[in-house]
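This report concerns only the one structure given below.
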Amino acid sequence: MIKFGQTKFEKTITNTISRKYMNNKENIESLLNRLKLQAENYISDRDYYRPINEGINTTDKKLPYKGLALTITQDETNKASHLLEVSLLHPSMATEIKRPLAIGNKKDILEFLNNTKSLDEIKQNIKEMSQKLSTI
């Protein structure tokens with residue numbers, strides 16, 4: 001019983017420390033760069049991999065969302081098909097909006113992530129999704 005209490009406490013501390021909050025230094029561009037690095041190393045067109053997720057929590061009360069995440073997932077039946085999507089979490093944490101950004105093989109996903117226009121596209125999608133969340 002003591003071990004369970006220690007394990008539960010350790011998990012709580014780990015979760016608290018591992019959270020990333022958006023501030024002036026960290027923005028969507030750094031989030032995209034972290035995702036690029038993981039995508040280059042972990043995406044496989046031949047083997048299964050677990051979803052790649054990079055996200056940040058916001059502390060700004062003016063924003064209509066509490067969290068922002070970029071996720072790359074693999075199709076269950078076709079190993080060479082991947083989906084990159086952006087998701088926003090409502091401050092009530094009851095609603096999440098997702099929108100696909102790119103779909104294809106590893107090369108297609110990496111081309112999208114390395115494209116200079118992709119950052120603008122992601123920001124535009126976030127702006128549109130934020131407007132929808134603000135009406136909820």
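Remember, predicted model here, so these are calculated numbers, not experimental data.
We find the CG-CG distance between Leu84 and Leu101 to be 4.5 Å, quoted to the nearest 0.5 Å. Atom NZ of Lys107 and atom CD1 of Ile43 lie 14.5 Å apart (nearest 0.5 Å). Taking CD from Gln131 and CD1 from Ile126, the interatomic distance works out to 12.5 Å, rounded to the nearest 0.5 Å. Separation of atoms CD1 (Ile97) and CZ (Arg99) is listed at 8.0 Å; rounding is to 0.5 Å. Between Lys66 atom NZ and Ser92 atom OG the span is 9.5 Å, to the nearest 0.5 Å. Here the straight-line distance linking atom CG of Leu110 with atom CG of Asn115 works out to 12.0 Å at 0.5 Å rounding.
Every pair tested for ring-ring contact (aromatic ring centres under 6.0 Å, His included) that includes a residue from residues 107-131 fails, sequence neighbours excluded, so the list is empty. Pairs engaging residues 70-108 under the ring-ring contact (aromatic ring centres under 6.0 Å, His included) rule: Tyr49-His82 [sequence neighbours left out].
The two residues Ala69 and Asn53 have their closest heavy-atom pair at CB-OD1, 3.6 Å. The nearest pair of heavy atoms linking Ile109 to Ala102 is CD1-O, 3.8 Å. Taking every heavy atom of both residues into account, Ser81 and Ile103 meet most closely at OG-CG1, 4.4 Å. Between Gln74 and Tyr48 the shortest heavy-atom distance is OE1-CA, 3.2 Å. Here the shortest heavy-atom pairing between Ala39 and Ile72 reads CB-CD1, 3.8 Å. Between Leu89 and Thr95, the shortest heavy-atom contact is CD1-O, 3.5 Å.
With sequence neighbours excluded, the residues forming a side chain to side chain contact (heavy atoms under 4.5 Å, CB included) with Lys36 are Leu32, Asn33, Leu113, Asn114, listed by chain and number. By the side-chain hydrogen bond (donor to acceptor under 3.5 Å, both in side chains) test, Ser87 is found to be paired with Glu96, residues two or more places apart in sequence or in another chain being considered. For Gln38, the side-chain hydrogen bond (donor to acceptor under 3.5 Å, both in side chains) partners are Glu54, not counting sequence neighbours. Applying the salt bridge (Lys or Arg N to Asp or Glu O under 4.0 Å) rule to Glu121 yields no partners; only residues at least two apart in sequence or on another chain are considered. A search for side chain to side chain contact (heavy atoms under 4.5 Å, CB included) contacts involving Asp47 returns Ser44, not counting sequence neighbours. For Lys123, there are no salt bridge (Lys or Arg N to Asp or Glu O under 4.0 Å) partners at least two apart in sequence or on another chain. Take Thr73 and apply the side chain to side chain contact (heavy atoms under 4.5 Å, CB included) test, not counting sequence neighbours, and it matches Pro51, Thr71, Leu83. Residues meeting the salt bridge (Lys or Arg N to Asp or Glu O under 4.0 Å) test with Glu40, sequence neighbours left out: none. With sequence neighbours left out, Gln124 forms a side-chain hydrogen bond (donor to acceptor under 3.5 Å, both in side chains) with Glu128.
Other members of a hydrophobic cluster containing Leu37 are absent, since no ILVMFWY side chain comes under 4.5 Å of it, directly or through relayed contacts.
Using modelled atom types, one side-chain atom of Thr58 and one backbone atom of Tyr65 make a donor-acceptor pair closer than 3.5 Å.
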